[in-house]
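Reviewing the structure listed below.
First listed ligand is number 1; within each ligand, the first listed atom is number 1. Residue numbers run from 1 in the order of the sequence given.
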Amino acid sequence: MSTVETVRGPVDPADLGRTYMHEHIFVLSADVQQNYPDEWGDEAARVDDAVAKLSALAASGVRTIVDPTVIGLGRYIPRIQQVAERVPDLHIVVATGCYTYYDVPFFFHYRTPEVRTLLGKEEAEAMVPLFVGDITEGIAHTGVRAGMLKCAIDEPGLTPGVERVMRAVARAHLATGTPITVHTHPGSHQGLTVQRVMGEEGVDPSAVVLGHSGDTTDADHLSALAEAGFWLGMDRFGINLATTFEARADIVVELCRRGYAGRMVLAHDAACYLDWIDPDAVAFLPQWHYLHIEADVLPYLRDHGVTEEQITTMLVDNPRRILSGA
Ligand SMILES: [Zn+2]
């Protein structure tokens, strides 16, 4: 791949700059919002709010974010385009895929490979041509092409639905070369499940980011995945409920010490607005915003022996390598 697809069009990988590999803009429960829109409120105000927050992010030196908001998270590209046009200093890479910890969405439930084979469809798995089309043709007639693939596996493990999505994402990757990010649950070692399934599909680990790896402090487990060639997404800085700021930062320090700065990427998994959490509850996560890494995490890493070169590797070089398929 010679260019990286963003909302405003293809970008030279050399121009990506500092990149946060996992930041949402809006996470919405689409059919709930269609029926109970009062909390979301004024559309223009929500877009203005996102423009303000992302402008502040760009002003902090970040040039690119990957927004892994896919089916199941309320992806709506026309709204992202409105935001992107007003934040010209920030590249936004959008994603395709499907987010579930359990079943496939009902849209796909009866569109089984068996039914599609009976119907004579060329591709048995219904998700594959949709994901590939998002990458090669663009999303929903917007002309915006996805630059990342996304699936999820959480504590319930490899349910039939999760496996179907993961294999579909793998096949869309093999057809296009587009890199993959996987929401994982490292506490239950789901990275090993990803390793097995992606391996069976023939996906090279160097195309896969194991998201939310920073949720654990198990340095040996993460080292083994890094040794296997996966990228580790230390991408939930600020979500300090089951863990702490220090624990999240210390595991990055430890993996840098072990020589794995070349396998990690950083982000917050933040959003301008997500309807999963009562707005009043967001106040309990005061560090969960786009500026936390720059304000708090990087100073801590520097104080604990992480070099400027390692920081540049994690924030600039690794994302460029992942997104360009290099
Ligand atoms: Zn996320």
Side-chain angles (χ1 to χ4, degrees), residues 6-7 19-30 33 50 53-54 57 62 64-77 79-80 83 90-102 105 131 134 139 146-156 162 165-166 169 178-188 190-191 194 208-216 230-243 248 252 264-277 279 281-282 285 287-293 297 314-315 318-319 322-323:
T6 76
V7 173
T19 301
Y20 289 170
M21 286 294 289
H22 193 128
E23 305 293 358
H24 300 275
I25 299 175
F26 303 111
V27 176
L28 298 168
S29 309
Q33 289 292 343
K53 288 172 177 166
L54 291 170
L57 175 64
V62 173
T64 304
I65 60 169
V66 176
D67 176 359
T69 304
V70 294
I71 301 308
L73 297 172
R75 184 184 73 181
Y76 182 59
I77 296 300
R79 185 182 290 125
I80 301 300
V83 172
L90 187 73
H91 302 301
I92 302 169
V93 177
V94 297
T96 185
C98 182
Y99 186 90
T100 179
Y101 303 163
Y102 304 100
F131 298 165
D134 283 354
I139 298 168
M148 198 92 196
L149 281 150
K150 164 90 174 278
C151 58
I153 181 166
D154 205 87
E155 216 165 359
V162 164
V165 174
M166 193 176 292
V169 161
T178 297
I180 299 168
T181 188
V182 186
H183 163 111
T184 67
H185 184 269
S188 52
Q190 298 301 341
V194 175
V208 181
V209 181
L210 297 175
H212 313 335
S213 290
D215 287 1
T216 186
F230 289 99
W231 299 97
L232 304 175
M234 316 308 274
D235 50 17
R236 278 182 151 179
F237 278 105
I239 308 184
N240 301 327
L241 282 175
T243 182
R248 285 194 184 281
V252 174
M264 287 187 282
V265 292
L266 310 182
H268 305 94
D269 199 4
C272 298
Y273 178 87
L274 87 166
D275 69 11
W276 291 15
I277 301 173
V282 175
L285 293 168
Q287 292 181 310
W288 194 30
H289 57 78
Y290 296 139
L291 305 179
H292 173 48
I293 288 175
V297 178
M314 293 187 284
L315 290 178
N318 294 346
I322 295 165
L323 292 170

Q190 and D154: side chain donor to acceptor below 3.5 Å: no
With sequence neighbours excluded, residues passing ring-ring contact (aromatic ring centres under 6.0 Å, His included) with H185: none
Donor-acceptor pair between T184 and H212 side chains, under 3.5 angstrom: no
Contacts of type ring-ring contact (aromatic ring centres under 6.0 Å, His included), residue F230, not counting sequence neighbours: none
Tally of protein N, O or S atoms, where distance to the Zn ion (ligand 1) is under 2.8 Å: 3
Residue list, side chain to side chain contact (heavy atoms under 4.5 Å, CB included) with A152, at least two apart or on another chain: Y99, Y101, H183
Charged N-O contact under 4.0 Å between D134 and R75: yes
